[in-house]
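Just below is one structure, and these are the notes that go with it.
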2 protein chains.
Amino acid sequence: MDRPLARPLYAQVKDALIRRLVDADWKPGQALPNEFALAAEYGVSQGTMRRALDELAQANLVVRRQGKGTFVAEHTRERAMFHFLHLETDSGQRAQPESRVFAMKAGAPTREEARRLELPALARVVRLSRVRLLDGAAAIVERIALPGARFPGLEKMDRTELPNELYALYQSRWGVSVARAVERLKAVPASAEDAGLLGVTVGTPLLEIDRLARALDGRPCELRLSRCLTARHRYVSELV
Amino acid sequence: MDRPLARPLYAQVKDALIRRLVDADWKPGQALPNEFALAAEYGVSQGTMRRALDELAQANLVVRRQGKGTFVAEHTRERAMFHFLHLETDSGQRAQPESRVFAMKAGAPTREEARRLELPALARVVRLSRVRLLDGAAAIVERIALPGARFPGLEKMDRTELPNELYALYQSRWGVSVARAVERLKAVPASAEDAGLLGVTVGTPLLEIDRLARALDGRPCELRLSRCLTARHRYVSELV
DNA sequence: TAGTGGTCTAGACCACGCT
DNA sequence: GCGTGGTCTAGACCACTAT
């Protein structure tokens, strides 16, 4: 267990732990064994195991709490707000927008959906449209495409029963944990449909957020296009 | 040296090192003493010093290179592109935009400038306007406000001689190292002036990036408002 | 060959959360 | 009081860079 391979030990251990998370060996919210137990199991020192666990914590895959233990990360409201919602009011407050899903339908992927979700052309996607409210007013139009194979039964659910926190649902219902995402932003004019849904005139500048989310296993699991009114809100990004 | 204060040792050492960077005790590009020397100097173990240095590296304040040493971070073209330029082409390529400064003038700060740059109302700011080209076409209108006290002599420089990489200039000429920044994004309609400079019609949706940059000492050192055409470009943000 | 940062270990003690 | 993660130490060895 001490051959100096290309990849350092702590990284190999980290990979092994991620595999166990992917396999749902430990489930969201559950505690992992403590550092000593894990170190013994993998035949490494506590320090090496600690480094692996610290890196998992940095990637938000686990949460470590002094005196309590190390827990598999859950998609709670807090995590959604701090890590996957970069919109805030002009005064700097973040609030989870309410959602109203007005359409859900399955179909064949477009060429772009197939490419970006890494699906075969014959796969099916479930498409979901919703309007989201900020401070009670319609502010976001959202169109979501999901690989049907990963979310069986979704299209038969009642769209009005879908929760606001989709990521928590993906995780609890289908074991799909969104681990990271890339967002691409543009300023676009409101289409006729956007305008109608948001109550603005056609051509009003909207902030378009194109998000591709990836699950724990690294594969794409959601494609989401949000068009946001930024009259009283803004998107925040921290640079170092 | 082993009293368990509120703040852990490695954090105290890190703060002490940052103070020395702020004081320009070590200058950008220069090597710091090695881990053992620093550890001895501060009366801590090499492991503790390593942790402090690793955190500085993570904040991009120093760069560590195996076999060579630890160096004070410089504002190079690479750093600007990877850390302070989130615009890329629709095909995913990043290119540093060329710049043409068309105005530079000093004056009293507006109320908002004074508040956000944390300046007294009687201070002076230097304002600088430029158009930036992406792929040869005007794509960004940028308005920058700087605290005059921190950049003496700037307003007397020839605006046509200002380099593309302003952060490298701030660092080399005035010892002001931009350490981090917060960007706030909105979609806004092009004003008459924007439209003229960018060659688009009034009301065209533009991506507005409002950036407040902070120096090593944590104080604000630049306020920058960029309005960007996103017809063929996009802003990228990574979420974890 | 010498000097640097990177990895790994083993062990002591501290701070926190519970019961 | 006990179990957890968090800090700190001391020391060995590896990998990279330069001379």
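Per chain, numbering begins at 1; letters A, B, ... match sequence-line order.
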- Task: Find the distance A:Asn34:CG to D:dG6:P and express it as a whole number of Å.
- Result: 12 Å
- Message: Please determine whether the number of non-hydrogen atoms from other residues, nucleotides or ligands lying under 6.0 Å from atom CZ of A:Arg94 exceeds 12.
- Response: yes
- Query: Is any side-chain nitrogen or oxygen of A:Arg64 closer than 4.0 Å to OP1 or OP2 of D:dG6?
  - Reply: yes
- Relative to each other, are the rings of A:Phe84 and A:His75 parallel, tilted or perpendicular (30° and 60° limits)? tilted
- Query: Any idea which heavy atoms bring B:Gly148 and B:Val126 closest together, and the distance?
  - Reply: CA-CG2, 4.2 Å
- Which sits closer to the 5' end of DNA chain C, B:Thr70 or A:Ala11, going by the nucleotide each is nearest to? B:Thr70
- Task: Using a cut-off of strictly less than 4.0 Å, decide whether B:Tyr10 has a side-chain nitrogen or oxygen near OP1 or OP2 of D:dT7.
- Result: yes
- Could you tell me the separation between the CD atom of B:Gln46 and the P atom of D:dT9, rounded to a whole number of Å? 11 Å
- Message: Strictly distance-based, threshold 3.5 Å: is any side-chain N or O of A:Trp174 a donor or acceptor partner for the main-chain N or O of A:Pro152?
- Response: yes
- Rounded distance in Å - OH (B:Tyr42) to C1' (D:dC8): 18 Å
- Query: Once you round to the nearest 0.5 Å, how far does CD of A:Gln12 lie from OG1 of A:Thr48?
  - Reply: 10.5 Å
- Query: B:Arg51 CZ to D:dT9 P: how many Å, rounded?
  - Reply: 12 Å
- Return the value, rounded to whole Å, for the distance between atom CD of B:Glu55 and atom C1' of D:dG6. 13 Å
- Whole angstrom is fine here: how far is it from CZ in A:Phe71 over to P in C:dG17? 12 Å
- Task: Check whether any side-chain nitrogen or oxygen of A:Thr48 sits under 4.0 Å from OP1 or OP2 of C:dT9, and answer yes or no.
- Result: yes
- Backbone N or O of B:Gln93 within a donor-acceptor pair of the B:Thr89 side chain at under 3.5 Å? yes
- Message: Does B:Phe36 reach a base, just sugar-phosphate, or nothing at all? Heavy atoms under 4.0 Å.
- Response: nothing
- Does a distance-only test, which skips hydrogens and angles, find a donor-acceptor pair under 3.5 Å between the side chain of B:Arg50 and the base of C:dG6? yes
- Task: Let me know the distance between CD of A:Glu35 and C1' of C:dG11, rounded to the nearest Å.
- Result: 14 Å
- Task: Can you label the angle between the B:Tyr235 ring and the A:Tyr235 ring as parallel, tilted or perpendicular, going by 30° and 60°?
- Result: perpendicular
- Return the value, rounded to whole Å, for the distance between atom CG of A:Leu56 and atom P of D:dG5. 13 Å
Please produce a list of atom pairs where a protein N or O lies less than 3.5 Å from an N or O of nucleotides 16-19 of chain D.
from, atom 1, to, atom 2, distance (Å)
D:dA18, OP1, B:Lys68, NZ, 3.1

